[in-house]
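Here's the structure, in structure tokens; my notes come after.
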2 protein chains.
Amino acid sequence: MADINVTAKGTAVAGAAERPASGGAPADGPRLELAWDIIELLFFAYRDFVGDPDEVLSKLGFGRAHHRVLHFVNRNPGMKVADLLDILNITKQSLGRVLKQMVDQGYVLQKEGAQDRRQRLLYVTPKGEALALKLAGMQTARINRAIAELGPAAHESARRFLTAMIDADDREAVLRLIARADRAAQPRS
Amino acid sequence: MADINVTAKGTAVAGAAERPASGGAPADGPRLELAWDIIELLFFAYRDFVGDPDEVLSKLGFGRAHHRVLHFVNRNPGMKVADLLDILNITKQSLGRVLKQMVDQGYVLQKEGAQDRRQRLLYVTPKGEALALKLAGMQTARINRAIAELGPAAHESARRFLTAMIDADDREAVLRLIARADRAAQPRS
DNA sequence: AAAATATGTCAACATGGCTGACATAAATGT
DNA sequence: ACATTTATGTCAGCCATGTTGACATATTTT
């Protein structure tokens, strides 16, 4: 995938001459050390992380949007459409498009709410679950490979780091979501 | 941003009944523990990570594509168009569109290569650099906040984890890219 | 001189965001 | 009982950013 080759010859030489003096504060306050390494590693890591599922999905005529829907419905069976909209942070029109496809093709089904019959509670079908698990399996394989290289403590430290990277306001809700989904969707221990 | 509220009432109750028995191997081999926590944390962390710059960019009429171009050109002054294409992994037509806008609006400039005059080497202007640094500053602020919460060892462990998450084939090239850019673009210690 | 390379450009198309307007059914409030 | 609010869906159109294919131009390489 993607050869990354910023050829050493020529570029650096040519570049050295006209770089503006980049030492001053760029209107942002007193110079802080920029975390270029983490910024770029996150970019490449995320790119590869979603790249595996993307390949599988594209063969099915699906995209990343479908993946997100399938993932969260699988993890939160019986969730309301409104809940999914909040998590994905997109409009109902955008969601509607992909959701309709997944329902039509038998990956997701909607059932009228028992208490509130306006609601269309979302579930994955067995077919949908199989796909969701396949995709999660690919991502897990990558994660496990990484953790295996670094030692078992890496799981906890990655979890903490990623949690701390989330907006403070949302953190609690995200952790609750994960905890609840663990109970609801994967109840075999 | 995004209230995440998968309401506890109702959904779990309704959901319990028709979940298919999800214990078996889904055609993927013997059940591996799925790393749902990391998968979802990465999703939310990345969403917030790119969210800060997105807001600033949208006010300028730019999108994430512009950010990526500006970021890598700033980090690798004098890089060739072909290098940028390899890093971004998009077509020259897609790049052309956003690159043209940034050149026209004075964020990026192109200079004929000295050795090879077919090349259009890429540089940020002072205006472009200011924006690049502003965006990187926002992302750094988030990263530093996270690391501050977790202790200084978190930087190194995050770096290792993210590196290990990258495709093994690309890892070396990515690390070289980061190392080289550190020399080329931020030569003040 | 011919071929390969670096870059740019035109045209058309797909995906997945968005807004605005409107429709329907069911729950809720007075 | 009737009015309002809520949950969801849908139509229509726009925008950003990815794609393919074809072709143009300048320059370097063979």
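First the proteins, then the strands, lettered A, B, ... as listed; each starts at 1. Please read these numbers as outputs of a predicted model, since none were measured by experiment. Side chains included, hydrogens not; waters and symmetry mates left out as well; all remaining heavy atoms used.
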Earlier contact from the 5' end, DNA chain C, for A/Ile90 and A/Gly61: A/Gly61
Given DNA chain C, 5'-ward residue of the pair A/Arg68 and A/Glu112, judged by closest heavy atom: A/Arg68
Sidechain N-carboxylate O distance under 4.0 Å for A/Asp104, A/Lys100: yes
Main-chain N/O of A/Phe72 paired to A/Asn76 side chain as donor or acceptor, under 3.5 Å: yes
Sequence neighbours excluded, every pair satisfying salt bridge (Lys or Arg N to Asp or Glu O under 4.0 Å) that has a member inside residues 113-123 of chain B: B/Glu112-B/Arg117, B/Asp116-B/Arg118
Only distances under 3.5 Å count here; give the side-chain donor-acceptor pairs of residues 90-99 of chain B to other protein atoms, sequence neighbours excluded, each with its distance to 0.1 Å.
| unit_1 | atom_1 | unit_2 | atom_2 | d |
| --- | --- | --- | --- | --- |
| B/Thr91 | OG1 | B/Ser94 | N | 3.3 |
| B/Thr91 | OG1 | B/Ser94 | OG | 3.2 |

For atom [atom1] of [X] and atom [atom2] of [N], their distance in whole Å:
X	N	atom1	atom2	value
A/Lys59	C/dT15	NZ	C1'	19 Å
A/Arg64	C/dA14	CZ	C1'	15 Å
A/His66	C/dA14	NE2	C1'	12 Å
A/Asp54	C/dT15	CG	P	14 Å
B/Asp83	C/dA6	CG	P	10 Å

Sugar-phosphate, base or nothing in reach of B/Gln110, heavy atoms under 4.0 Å: sugar-phosphate
Sugar-phosphate, base or nothing in reach of B/Gly63, heavy atoms under 4.0 Å: sugar-phosphate
Boundaries of the DNA chain D segment in contact with chain A, non-hydrogen, under 4.0 Å: D/dT6 to D/dC11
Set of residues satisfying salt bridge (charged side-chain N to carboxylate O under 4.0 Å, His left out) with respect to A/Arg160, sequence neighbours excluded: A/Glu156
Short side-chain N/O contact to C/dC18 OP1/OP2 from A/Thr91, under 4.0 Å: yes
N or O in side chain of A/Ser94 less than 4.0 angstrom from C/dG16 OP1/OP2: no
All ring pair (Phe, Tyr, Trp, His ring centres under 6.0 Å) counterparts of B/His71, not counting sequence neighbours: A/Trp36
Detail all sub-3.5 Å separations between protein N/O atoms and N/O atoms belonging to nucleotides 23-25 of chain C.
none

Exercise answer: donor-acceptor pairs, residues 56-66 of chain A side-chain atoms, under 3.5 Å, sequence neighbours excluded:
| unit_1 | atom_1 | unit_2 | atom_2 | d |
| --- | --- | --- | --- | --- |
| A/Ser58 | OG | A/Glu55 | O | 3.0 |
| A/Arg64 | NE | A/Asp54 | OD1 | 3.4 |
| A/Arg64 | NE | A/Asp54 | OD2 | 3.2 |
| A/Arg64 | NH2 | A/Asp54 | OD2 | 2.6 |
| A/His66 | ND1 | A/Gly63 | N | 2.9 |
| A/His66 | NE2 | A/Gln101 | OE1 | 2.5 |

Residues from residues 97-107 of chain A lying under 4.0 Å of DNA chain D - heavy atoms: none
Any N/O donor-acceptor pair, A/Gln93 side-chain to C/dG16 base, under 3.5 Å: no
Side-chain heavy-atom pair A/Leu122, A/Lys80 within 4.5 angstrom cut-off: no
Pairs meeting criterion ring-ring contact (aromatic ring centres under 6.0 Å, His included) with involvement of residues 149-169 of chain B, two or more places apart: none
Qualifying residues under side-chain contact (heavy atoms from CB on, under 4.5 Å), relative to B/Lys127, sequence neighbours excluded: B/Tyr107, B/Thr125
Partners passing side-chain contact (heavy atoms from CB on, under 4.5 Å) against A/Ala164 (at least two apart in sequence or in another chain): B/Ala146, B/Glu149, B/Leu150
Residues in side-chain hydrogen bond (donor to acceptor under 3.5 Å, both in side chains) contact with A/Asp52, at least two apart in sequence or another chain: A/Arg142
